[in-house]
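When reading the values below, keep in mind they use all heavy atoms of this one structure, side chains included, and skip hydrogens, waters and symmetry mates. In what follows, every chain begins at residue 1, and chains take the letters A, B, ... in the order their sequences are listed.
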Amino acid sequence: MIKLLLRYTLSRLFQAVPVMIVASLLAFAITAAANPEPQGSSMAERYAGYVFAALGGSFGTSEKLSASVGAEVMQRLPASLELAIVAFVLSLAIGVPAGLAAALRGRQRSGQAVMALATLVSSVPVIVSGTLLLYILAFKLRWFPLRLPGTGAGEACLFLPAITLAAFQAAQSMRLLRDGIERTLESSFIRFARSRGLPRFQIVRHAVANALVPVVTAAVSQTGSMLALLVVAETIFQWPGAGAMFASAAAAGDAPVLAALLLITAVVFLAVSIVSGVLSFALDPRIRRAHGAGGDMP
Amino acid sequence: MKWVPAILVIVLALAALYVALSGISALTGVQFFDAGGGGIDAGGPEDRLLPPSFMPGSASRFLLGTNAESQDLWTLIQSAAQFSFGTAALAILLALAAGVPAGLAAGFAGGWIDRAIMRLASWHEPFPPLLSALLADGAIRAALLPADYFRHIMLILAVCIAFGRWHQFARPVRDAVSQVRFQPYVDAARLMALTPSQIAMDHILPNVLTPVQVLLLPAFAFAAMDESALSFMGAGAPAVAPSLGSLLRTAALQMGSGWWLWLFPALALTVPLLAVNAVSAWTQDRRRA
């Protein structure tokens with residue numbers, strides 16, 4: 001079992017090599033296009049130099065930030081991680097009860113209202129809802145410290161970007177949960193449980209347990225959309241994370257920072273996909289069989 | 001309460017018309033809204049930050065008020081909407097032009113061509129489209145002189161947004177093609193000695209159009225959101241030729257100088273997107289029925 005797992009992990013790592021080669025070529029192309037003077041060395045030499053420096057954690061210096069790119073990104077990553085985790089927890093805290101309400105009270109006013117709200121939240125652009133929250137809660141009501149976009153002055157506040165991100169994610173997860181519960185409630189084992197005369201709360205418990213699995217799977221696969229929202233939300237609320245750095249580097253055409261962020265995001269996505277692949281390989285015998293590993297079944 | 005859906009339908013239909021006309025104006029140069037040639041009206045220095053003319057006590061001659069540069073918000077929003085929705089429409093055309101042939105080639109050729117194209121797509125798919133566009137935009141901005149960059153800003157933004165979304169068309173097209181490729185009627189066409197291109201155009205392409213049609217409207221709405229988000233972050237349109245995103249950015253930067261600076265661009269962006277989403281949901285319901 002351990003040997004199989006190790007072999008699977010190694011094969012996934014091996015598959016990641018061409019992705020990283022393409023990503024490093026793109027990253028090098030970004031820096032080379034912005035700074036075309038060859039300085040007596042060939043493109044291949046410059047590429048090799050870039051890759052070896054990047055492997056050592058050095059991505060050059062940014063003239064616009066007048067700082068080492070690697071150090072700057074590393075300094076900002078924890079703030080982004082903090083925001084992402086808080087937003088993720090908040091989104092489940094909002095999305096799960098809302099999904100339950102929508103599924104179990106679907107024909108009543110409250111359930112309909114929850115659904116309408118979710119539709120509204122997921123169709124309004126984040127730059128509109130985010131600036132509205134900033135205006136009402138921070139500027140008018142002064143409930144939260146105000147940090148105007150583009151200035152960077154004032155105290156950064158975690159709650160506003162977190163709730164903006166969480167609302168968007170919650171709208172997705174509540175819809176998945178509602179669909180899951182409704183589908184489970186129609187399935188035959190629930191009909192059986194109902195005909196046996198089980199009380200309603202036990203039936204609901206079965207349905208919810210079954211519907212939570214796709215919600216958790218989807219939450220993991222939504223890392224990508226979460227990351228895009230993170231960049232926008234950090235910019236709106238001036239959260240000092242790597243996402244806001246990404247946006248301002250693009251706005252300034254800061255090639256070394258963009259190249260570094262491309263490589264780092266590629267590594268993050270590969271790591272998430274490999275870890276989730278290995279986890280499901282370890283947990284799910286069906287996936288093991290699909291990889292020709294035999295498994296525990298006869 | 002009965003009249004609420006009717007009013008909603010009318011508002012959404014008008015908004016959808018507004019999006020379509022804005023997009024057409026931006027792509028063809030034909031103006032629909034403004035007889036004066038589509039320019040942005042501006043008053044003198046005394047007209048700075050005037051509230052909308054329908055507000056009680058407002059002496060302004062500008063319907064939606066003016067901004068800090070004394071520009072008329074009504075014409076400013078029209079040109080911004082043309083930029084935003086025109087860029088989104090162009091981006092979708094470019095994404096179609098890249099994604100549909102790629103999907104057709106992959107599905108039709110099979111073998112290593114299929115594997116190569118779909119491997120590229122599967123590498124690109126986890127990467128969110130907005131970040132792809134942001135990255136491409138930043139790289140182009142770093143490589144070009146600012147004057148060259150801003151001269152072609154609309155095309156550059158559309159290319160960047162299309163780059164983030166080409167695979168959203170390539171994969172469904174490829175899947176549709178590989179589903180019908182071995183159907184008996186395609187074999188029959190082959191036995192009738194039709195050329196591969198005839199088979200592709202007459203027997204395979206029609207099956208591909210349905211998934212593409214379903215995707216078009218949501219993809220347009222997402223592309224418009226991408227454009228406004230890029231411009232909001234300062235990575236897209238310049239302040240002088242604004243998009244709805246950069247108008248919202250200016251409103252956020254000058255928070256407190258006037259609610260109308262935020263409200264009207266926000267409505268001009270949000271209501272059309274709601275309309276597009278409603279139309280797309282409605283057509284999908286009709287298709288299912």
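- Heavy atoms closer than 4.5 Å to chain B are found in the side chain of V22(A), but not in its backbone.
- When all heavy atoms are compared, the tightest approach of M233(B) to V232(A) is SD-CA, 4.1 Å.
- Contact record, L227(A) with P128(B): CB-CG, 4.5 Å, taken as the closest heavy-atom pair.
- The choice from I30(A), L132(A), V126(A) that makes the most heavy-atom pairs within less than 4.5 Å of chain B is L132(A).
- Interface remark: of the candidates T119(A), L120(A), V231(A), V231(A) forms the most heavy-atom pairs closer than 4.5 Å to chain B.
- What you find for A235(B) and A250(A) is that their closest heavy atoms are CB-CB, 4.2 Å.
- Contact of the F269(A) side chain with the F127(B) side chain is registered, since non-hydrogen atoms from C-beta on lie closer than 4.5 Å.
- A distance-only check finds a donor-acceptor pair linking the side chain of R141(B) to the backbone of A251(A) [under 3.5 Å].
- The choice from A139(B), P146(B), A221(B), P129(B) that makes the most heavy-atom pairs within less than 4.5 Å of chain A is A139(B).
- A distance of 5.5 Å separates OG1 in T131(A) from CZ in F232(B), rounded to the nearest 0.5 Å.
- The contact between L131(B) and chain A is made by backbone and side chain atoms together, counting heavy-atom distances below 4.5 Å.
- Inter-residue side-chain proximity for P18(A) and W123(B) is flagged as met; some heavy-atom pair is nearer than 4.5 Å.
- Both the backbone and the side chain of L134(B) have a heavy atom closer than 4.5 Å to some heavy atom of chain A.
- Expressed to the nearest 0.5 Å, how far CG of L135(B) lies from CG of L26(A) amounts to 8.0 Å.
- From I236(A), atom CD1 reaches atom CZ of R249(B) across 11.5 Å, with rounding to the nearest 0.5 Å.
- For CZ of R119(B), the number of neighbouring non-hydrogen atoms (other residues, nucleotides, ligands) closer than 6.0 Å is 12 at most.
- Here the closest heavy-atom approach between residue S123(A) and residue L273(B) is recorded as O-CB, 4.5 Å.
- Shown here is F222(B), whose CZ atom has no more than 12 heavy atoms of other residues, nucleotides or ligands within 6.0 Å.
- A distance of 9.5 Å separates CG of L230(B) from CD1 of I127(A), quoted to the nearest 0.5 Å.
- Counting heavy-atom pairs closer than 4.5 Å to chain A, the top-ranked of the candidates P126(B), G245(B), A266(B), A224(B) is P126(B).
- Heavy-atom distances place both the backbone and the side chain of A255(A) under 4.5 Å from chain B.
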